[in-house]
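Whatever order the structure lists ligands and atoms in, that order sets their numbers, starting from 1.
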Amino acid sequence: MFDKKSILSKIPSVDELLKYKEMDELMTICPRNVVVQVIRDCLADYRNMIFSSEPGDMEGQIINIEEILRRISVMVNKKLSYSMRRVINATGVVIHTNLGRSPLSDEVRKHLQDTAFGYSYLEMDMEKGIRGSRYEHVEGILKELTKAESAMVVNNNAAAVMLTLSTLAKDKEVVVSRGQLIEIGGSFRIPDVMRASGAKLIEVGTTNKTHLKDYEDAINEETGALMKVHTSNYKILGFTKEVLSEELVSLAKVKNIPVIEDIGSGVFIDLSKYGIPYEPTVQSAIVSGMDVVTFSGDKMLGGPQAGIIVGKKKFIDRMRKNPLTRAFRIDKLNLSALEGTLKLYLDEEKAISAIPVVNMLTMDISKLEKKAEDLYEKMLKINNLPCKMRIEDEFSETGGGAMPLHKLPTKVITIDCDKISANELNKRLRDYDIPIVTRTVKDKVLMDLRTIMEKDYSIIADAVKAALL
Ligand SMILES: *Cc1c(COP(=O)(O)O)cnc(C)c1O
């Protein structure tokens with residue numbers, strides 16, 4: 001007979017388990033108190049499992065010491081391993097928010113290493129030896145790259161938008177076109193950010209059409225700013241009208257109110273030369289006369305998470321004094337990585353070759369084809385691969401909410417197995433020591449060469465081998 005009481009009585013005690021040599025071995029890699037806690041947690045799991053099981057399932061619940069020891073070992077190892085681990089992005093989504101958006105440039109590594117693992121001149125005026133400002137490290141180069149009068153940086157673009165609104169339009173009205181009230185994944189919605197900043201949203205126009213007169217009619221003595229938001233993650237097609245930045249700027253000038261633009265992805269290089277649709281650059285927003293322009297550091301710019309604010313000095317000086325600036329402060333690791341990334345933009349060719357996101361977005365099809373052949377070659381070395389493997393044409397995506405309609409022609413390697421489903425193969429690849437994240441199309445596993453780095457070919461070949469043989 002299997003009754004709960006007799007099974008429960010067979011669960012070993014913590015002290016009994018501690019006598020096994022397997023536990024001594026665990027204690028060589030993990031402190032004793034942690035091992036003991038894991039043993040307690042594991043035994044509690046067993047008790048709960050037995051309590052909640054139906055009489056019919058009891059047979060499966062016979063206590064097996066080997067099984068308990070194995071489970072404890074797995075739990076201890078899990079506790080010791082990192083949760084945030086490096087993965088190989090084979091999805092072809094370049095700015096993959098769930099995979100950390102922009103991988104940093106190798107060129108940034110040394111600067112980051114130098115500044116992050118010791119002390120740095122983070123907030124010290126090097127000439128005078130007195131306290132300085134962390135923002136100065138990137139202000140000069142941002143001014144140079146964008147031709148703006150002034151610049152500063154915060155934690156991310158959401159914070160940049162919030163700080164801008166709070167500084168220029170707290171308790172005032174901000175006029176925005178209804179067609180630009182966007183939501184970005186991860187609960188960033190323009191109306192919500194606006195409310196949180198203390199500004200009052202005034203929507204004008206309709207979803208598909210907004211005219212200059214709509215803005216004009218909405219302006220009154222309560223108006224704090226006009227705002228333009230780049231609809232980076234969707235497009236309204238067909239019968240549409242958006243007011244040009246230049247027109248908005250002229251109107252704002254006449255009415256003597258500031259005009260701000262959230263351009264989302266921070267693009268410095270006109271990528272249309274590389275066959276990519278034109279995305280408004282930061283420089284073009286400044287040239288159009290925008291007073292304040294905000295954008296992300298880790299989207300198309302290809303740097304670390306940061307929110308960059310460029311524009312007129314009188315407005316940015318006011319932002320520096322806003323208490324939110326302290327709350328939204330960029331940390332030194334990000335600042336260092338941002339400076340390193342921005343420096344690469346001084347030379348456009350260098351930026352294209354050295355900044356991974358920019359390099360991947362502009363990668364031409366012959367390079368992708370060569371990459372596919374090289375990886376294919378490596379995988380062919382796996383003997384008796386029980387699957388069909390091919391190089392095929394497909395499309396990659398920019399991701400990060402940028403250029404939603406533009407598909408980038410690419411080369412992929414597809415793996416088609418009879419023995420296991422594509423979902424199962426995907427899962428096994430994700431479970432590999434260095435997880436490989438792939439895509440599934442028509443029950444084939446698909447690896448896009450655009451986001452795969454050359455240094456990872458061997459790892460991918462090993463992972464596929466381990467998953468299939
Ligand atoms: C992505 C995006 C944001 C949010 O930027 P984060 O850097 O992720 O905070 C804000 N506005 C627009 C238009 C965006 O595309």
Side-chain angles (χ1 to χ4, degrees), residues 93-104 138 142 151-166 168-169 174 176-197 199 201 225-236 242 245 248 259-268 271 277-282 284-285 288 290 292-311 319 324-325 327-331 333-335 337-338 341-342 357 361 397-406:
V93 180
V94 178
I95 305 164
H96 200 306
T97 298
N98 300 351
L99 302 182
R101 286 197 182 160
S102 300
L104 294 177
V138 289
L142 279 170
M152 74 174 287
V153 287
V154 289
N155 215 346
N156 56 19
N157 188 29
V161 172
M162 179 110 163
L163 177 63
T164 302
L165 289 170
S166 152
L168 303 188
V174 176
V176 188
S177 159
R178 194 161 271 138
Q180 297 173 358
L181 295 176
I182 54 161
E183 168 175 325
I184 319 277
S187 76
F188 175 94
R189 285 176 158 191
I190 288 290
D192 297 343
V193 175
M194 187 92 64
R195 197 172 310 114
S197 73
L201 170 66
L226 305 185
M227 182 178 190
K228 179 172 177 172
V229 184
H230 180 48
T231 54
S232 45
N233 59 355
Y234 76 102
K235 281 251 177 332
I236 299 177
E242 224 179 46
S245 295
L248 213 53
V259 51
I260 60 188
E261 180 170 10
D262 171 15
I263 58 171
S265 242
V267 186
F268 286 145
L271 294 176
Y278 178 74
E279 269 285 296
T281 58
V282 180
S284 70
S288 76
M290 287 288 165
V292 177
V293 178
T294 70
F295 51 99
S296 286
D298 58 352
K299 289 186 180 169
M300 283 170 76
L301 194 136
Q305 180 184 305
I308 302 170
I309 309 172
V310 295
M319 290 185 206
L324 282 178
T325 291
F328 293 161
R329 183 160 96 166
I330 187 168
D331 105 292
L333 300 187
N334 284 348
L335 190 60
L338 182 62
T341 308
L342 292 173
V357 162
L361 288 173
E397 279 175 47
T398 308
M403 302 196 292
L405 299 184
H406 187 64

Close-contact set for ligand 1 against His230 heavy atoms, below 4.0 Å:
13 (C)
With a cut-off of 4.0 Å, which atoms of ligand 1 are near a heavy atom of Ala158?
5 (O), 6 (P), 9 (O)
Hits for side chain to side chain contact (heavy atoms under 4.5 Å, CB included) against Asn98, two or more places apart or cross-chain, chain-then-number order -> His96
Numbered atoms of ligand 1 (with element) below 4.0 Å of Gly264, judged on heavy atoms
12 (C), 13 (C), 14 (C), 15 (O)
Sub-3.5 Å N/O-N/O distance, Ser296 and ligand 1:
yes
Run down the list Ile190, Thr231, Asn157 and name the one with the heavy atom closest to atom 10 (C) of ligand 1.
Asn157
Would you say Arg101 and ligand 1 have an N/O pair spaced under 3.5 Å apart?
yes
Distance alone, cut at 3.5 Å: any donor-acceptor contact between the side chains of Ser102 and Asp298?
no
Apply side chain to side chain contact (heavy atoms under 4.5 Å, CB included) to Val357 and Arg101, showing your working.
CA-CA 9 Å; Val357 162; Arg101 286 197 182 160; over 6 Å; no
Out of curiosity, is Lys299 lining ligand 1, as in a heavy atom under 4.0 Å away?
yes
Suppose we screen for ring-ring contact (aromatic ring centres under 6.0 Å, His included). Which residues come up paired with Phe328, at least two apart in sequence or across chains?
none
May I ask you to decide if Asn157's main-chain N or O and Thr294's side chain share a donor-acceptor pair within less than 3.5 Å?
no
At the 4.0 Å heavy-atom cut-off, does Val161 count as touching ligand 1?
no
State whether the side chain of Asp262 and the backbone N or O of Val229 hold a donor-acceptor pair below 3.5 Å, judged by distance alone.
no
